[in-house]
Amino acid sequence: MECLKRISPSEWQEISELRQFYDDLANKPYCTNEKGTIFIRGKKHAIKHRFIQPNHPRVIKWLVFDIDHPEALFTFIDTGLPKPQVIIKNPKNGHAHYAYRLTTPVGIGGNSSTRAESYLKAVRDALCEALGADPGYSGNLIKNPCYIKDDAKPNFYQLPIWADQDEYEVNGERDEHETYLTGAKPSYTLTELADYLDLEPLYPQTKQEPANDSGYGRNCSLFEELRHLAYQCKTKSFNAIVSYLKPIAEKMNQRFDVPLNPNEVKHIIRSIARYCARMDFTASHKAFSKLQATRGAKGGRAKGRSYDEKRQQAKELYEQGLNKSEIARRLDVSRRSVINWLSNLGCENSRNQIIAALGAALQFEMPRSLVRAIKSSSCPLAAPFSIASVASSLPSVVIVRNFTRLAVNSVFRPPP
């Protein structure tokens with residue numbers, strides 16, 4: 001078909017749709033080469049795996065659907081639905097993953113908008129039904145459209161019992177995905193997708209309890225509830241934790257409108273059990289606290305050394321007569337930092353001491369105008385004080401303007 005174009009994943013960095021897919025990945029997405037085993041890796045390493053997590057755990061940028069039909073590649077044409085940005089086809093059976101990119105990502109869980117989340121679920125459910133896709137597929141892992149067969153080591157060992165033989169070559173090597181582009185626009189808004197769908201019958205379903213979420217919440221909900229129970233388990237044995245969680249998980253799974261596959265439940269249980277069996281939470285928390293304290297101390301010392309030069313500059317500017325606000329502005333620091341620096345260097349009250357000593361030497365109470373004149377003077381003063389030293393230290397303009405005006409107006413007030 002003219003609207004379908006098969007591309008080589010080896011050139012994915014030069015293809016805008018696949019480059020956008022890579023940019024939208026979380027920094028450390030889930031990835032794997034074999035079903036049942038999941039790893040967390042950085043994007044540069046994860047993109048080389050056969051399956052990858054397309055969305056951030058709390059943000060949906062891609063709507064992904066699993067169509068288990070031999071002619072899945074042409075489903076969007078047969079149904080008159082919008083073109084997906086990317087299609088990843090299994091060459092052995094014709095099944096495919098459809099990936100639609102959203103113009104505006106939608107947050108899920110936490111403080112996200114419940115109305116936006118409900119709208120997302122309604123659009124996803126309606127599009128899933130219209131495509132004839134698997135309603136139980138959560139979209140947590142997708143066939144990687146950028147996957148190159150040579151990047152992963154072939155599996156030369158006996159296939160595990162859960163493996164789908166149709167998805168493997170006869171000699172045990174993994175099959176290569178076929179990646180197709182449809183020429184679709186770069187992204188869709190939820191409203192644009194809804195224009196192709198009948199959402200009316202699905203709106204009442206959005207008012208059901210969150211426990212019946214058939215979209216993105218089943219795995220997360222089961223994991224969150226089970227892990228807290230496992231933390232309280234007295235035994236640290238892997239097998240004992242698995243035996244303890246298994247009946248609880250099976251009961252929880254039955255709450256969902258579309259229960260998870262038993263194999264998914266099993267791997268969630270085993271993941272939690274592995275963590276709890278290998279971790280001493282008290283010791284790990286203490287080690288982490290010690291590590292953070294060491295990092296903080298290093299950062300504090302480095303930051304302190306970087307400000308040594310500014311401390312000396314603050315002292316010199318203060319001795320030249322600049323006030324703290326002006327010093328803070330010149331050094332591009334806060335006024336409180338300047339106050340602390342001057343206090344630690346022993347020059348915080350130097351000018352107040354000078355003024356007090358000067359007043360005592362002159363045997364009269366210093367008027368505020370003269371105090372301001374001394375404080376604003378750019379000439380440094382030093383004790384002990386005398387009339388001559390004061391006269392020689394203060395600018396002549398200050399002496400004439402202040403002392404003359406004070407004498408004429410008789411503002412000298414001798415001590416009682």
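What's counted below: heavy atoms across the whole structure, side chains too, no hydrogens, waters or symmetry copies. Treat the numbers as computed from the prediction; the structure is a model and nothing was measured.
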Undergrad: Hey, are the side chains of Glu178 and Arg6 touching, using non-hydrogen atoms and a 4.5 Å cut-off?
TA: yes
Undergrad: Measure the CG-OG1 distance between Leu120 and Thr104 for me, rounded to the nearest 0.5 Å.
TA: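 If I round to the nearest 0.5 Å, the distance is 11.5 Å.
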Undergrad: Does the pair Phe76 and Leu4 meet the rule for a side chain to side chain contact (heavy atoms under 4.5 Å, CB included), with working shown?
TA: CA-CA 11 Å; Phe76 74 95; Leu4 285 174; 4.0 Å; yes
Undergrad: For the backbone of Leu131 and the side chain of Thr75, can you confirm whether one donor and one acceptor N or O come within less than 3.5 Å of each other?
TA: no
Undergrad: Between Ser337 (side chain only) and Val333 (backbone N and O only), is there a donor and an acceptor less than 3.5 Å apart?
TA: no
Undergrad: Counting only N and O atoms by type, is there a donor-acceptor contact under 3.5 Å from the side chain of Ser271 to the main-chain atoms of His267?
TA: no
Undergrad: Give me each pair satisfying ring pair (Phe, Tyr, Trp, His ring centres under 6.0 Å) with a member in residues 19-39, each pair once, sequence neighbours excluded.
TA: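 Qualifying pairs: Trp12-Tyr22, Phe21-Trp62.
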Undergrad: Do you know the tightest heavy-atom contact between Asn144 and His49?
TA: ND2-O, 2.9 Å
Undergrad: Could you give me the CA-CA distance, side-chain angles and deciding distance for Asp24 and Gln20, then say whether side-chain hydrogen bond (donor to acceptor under 3.5 Å, both in side chains) is met?
TA: CA-CA 6 Å; Asp24 290 340; Gln20 185 65 62; 3.0 Å; yes
Undergrad: Would you say Leu102 and Leu193 make side-chain contact, with heavy atoms under 4.5 Å?
TA: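 Side-chain contact under 4.5 Å: yes.
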Undergrad: If you count the non-hydrogen atoms of other residues, nucleotides and ligands that lie under 6.0 Å from CZ in Arg227, is the total more than 12?
TA: yes
Undergrad: Under 3.5 Å, is there a donor-acceptor pair linking the side chains of Tyr119 and Arg115?
TA: no
Undergrad: Over all heavy atoms of both residues, which pair between Ala72 and Gly94 is shortest? Give the atoms and the distance, please.
TA: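 So the two residues come closest at CB-O, 3.5 Å.
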Undergrad: So Asn219 and Glu264, side chain to side chain contact (heavy atoms under 4.5 Å, CB included) or not? Walk me through it.
TA: CA-CA 8 Å; Asn219 301 70; Glu264 293 185 76; 3.2 Å; yes
Undergrad: Between Glu192 and Lys185, does any side-chain N to carboxylate O distance fall below 4.0 Å?
TA: yes
Undergrad: For Pro145, does its backbone N or O pair with a side-chain atom of Thr179 as donor and acceptor, under 3.5 Å?
TA: yes
Undergrad: Evaluate Leu81 against Leu197 for side chain to side chain contact (heavy atoms under 4.5 Å, CB included), listing each step before the verdict.
TA: CA-CA 8 Å; Leu81 293 171; Leu197 306 168; 4.0 Å; yes
Undergrad: How far apart are the closest heavy atoms of Cys146 and Leu18, and which atoms are they?
TA: SG-CB, 4.0 Å
Undergrad: Please check: side-chain N/O of Asn253 versus main-chain N/O of Pro259, any donor-acceptor pairing under 3.5 Å?
TA: no
Undergrad: Carefully, step by step, assess Thr191 and Thr189 under the rule side-chain hydrogen bond (donor to acceptor under 3.5 Å, both in side chains).
TA: CA-CA 5 Å; Thr191 303; Thr189 65; 4.6 Å; no
Undergrad: Do the non-hydrogen side-chain atoms of Tyr137 and Ile142 ever get within less than 4.5 Å of each other?
TA: yes
Undergrad: Between Tyr100 and Tyr98, how do the two ring planes meet: parallel, tilted or perpendicular, split at 30° and 60°?
TA: tilted
Undergrad: Would you give the length of the straight line joining atom CD1 of Ile47 to atom CZ of Arg41, rounded to the nearest 0.5 angstrom?
TA: 15.0 Å
Undergrad: Please indicate whether Asp332 has more than 12 foreign heavy atoms, meaning atoms of other residues, nucleotides or ligands, lying under 6.0 Å from its CG.
TA: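 No, the 6.0 Å shell around CG holds no more than 12 heavy atoms from other groups.
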Undergrad: Between His95 and Ile67, does the side chain to side chain contact (heavy atoms under 4.5 Å, CB included) criterion hold? Intermediate values first, please.
TA: CA-CA 6 Å; His95 299 180; Ile67 304 177; over 6 Å; no
Undergrad: For Glu225 and Arg255, run salt bridge (charged side-chain N to carboxylate O under 4.0 Å, His left out): C-alpha distance rounded to whole Å, both residues' side-chain angles, the deciding distance at 0.1 Å, then the answer.
TA: CA-CA 13 Å; Glu225 294 190 46; Arg255 298 184 311 179; 2.7 Å; yes
Undergrad: Before you tell me yes or no, could you show the steps for Glu117 and Lys121 under salt bridge (charged side-chain N to carboxylate O under 4.0 Å, His left out), namely the whole-Å CA-CA distance, both residues' side-chain angles and the distance that decides it to 0.1 Å?
TA: CA-CA 6 Å; Glu117 195 171 346; Lys121 182 180 183 299; over 6 Å; no
Undergrad: Please tell me if the side chains of Ile52 and Leu141 come closer than 4.5 Å, counting only heavy atoms from C-beta onward.
TA: no
Undergrad: So do the side chains of Pro29 and Lys43 get within less than 4.5 Å of each other, counting heavy atoms only?
TA: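 Of all side-chain heavy-atom pairs linking Lys43 with Pro29, at least one is under 4.5 Å.
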Undergrad: Are Phe65 and Leu63 packed together at the side-chain level, in the sense that at least one heavy-atom pair is separated by less than 4.5 angstrom?
TA: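 Phe65 vs Leu63: side chains touch.
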Undergrad: Is there side-chain contact between Val59 and Asn55, with heavy atoms separated by less than 4.5 Å?
TA: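 No, every pair of side-chain atoms sits at 4.5 Å or beyond.
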Undergrad: Side-chain contact test, heavy atoms from C-beta onward, threshold under 4.5 Å: evaluate it for Leu331 versus Trp341 and give yes or no.
TA: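 Answer yes - side chains close enough.
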Undergrad: Does Lys83 offer a backbone N or O that forms a donor-acceptor pair with the side chain of Tyr188 under 3.5 Å?
TA: yes
Undergrad: Could you go step by step and tell me if Glu34 and Arg50 meet the salt bridge (charged side-chain N to carboxylate O under 4.0 Å, His left out) rule?
TA: CA-CA 8 Å; Glu34 297 178 352; Arg50 187 166 179 255; over 6 Å; no
Undergrad: List in chain and number order the residues that pass ring pair (Phe, Tyr, Trp, His ring centres under 6.0 Å) with His69, two or more places apart in sequence or in another chain; answer none if no residue qualifies.
TA: none
Undergrad: Quick one: closest heavy-atom pair of Phe51 and Lys143, and the distance?
TA: CE2-CG, 3.7 Å
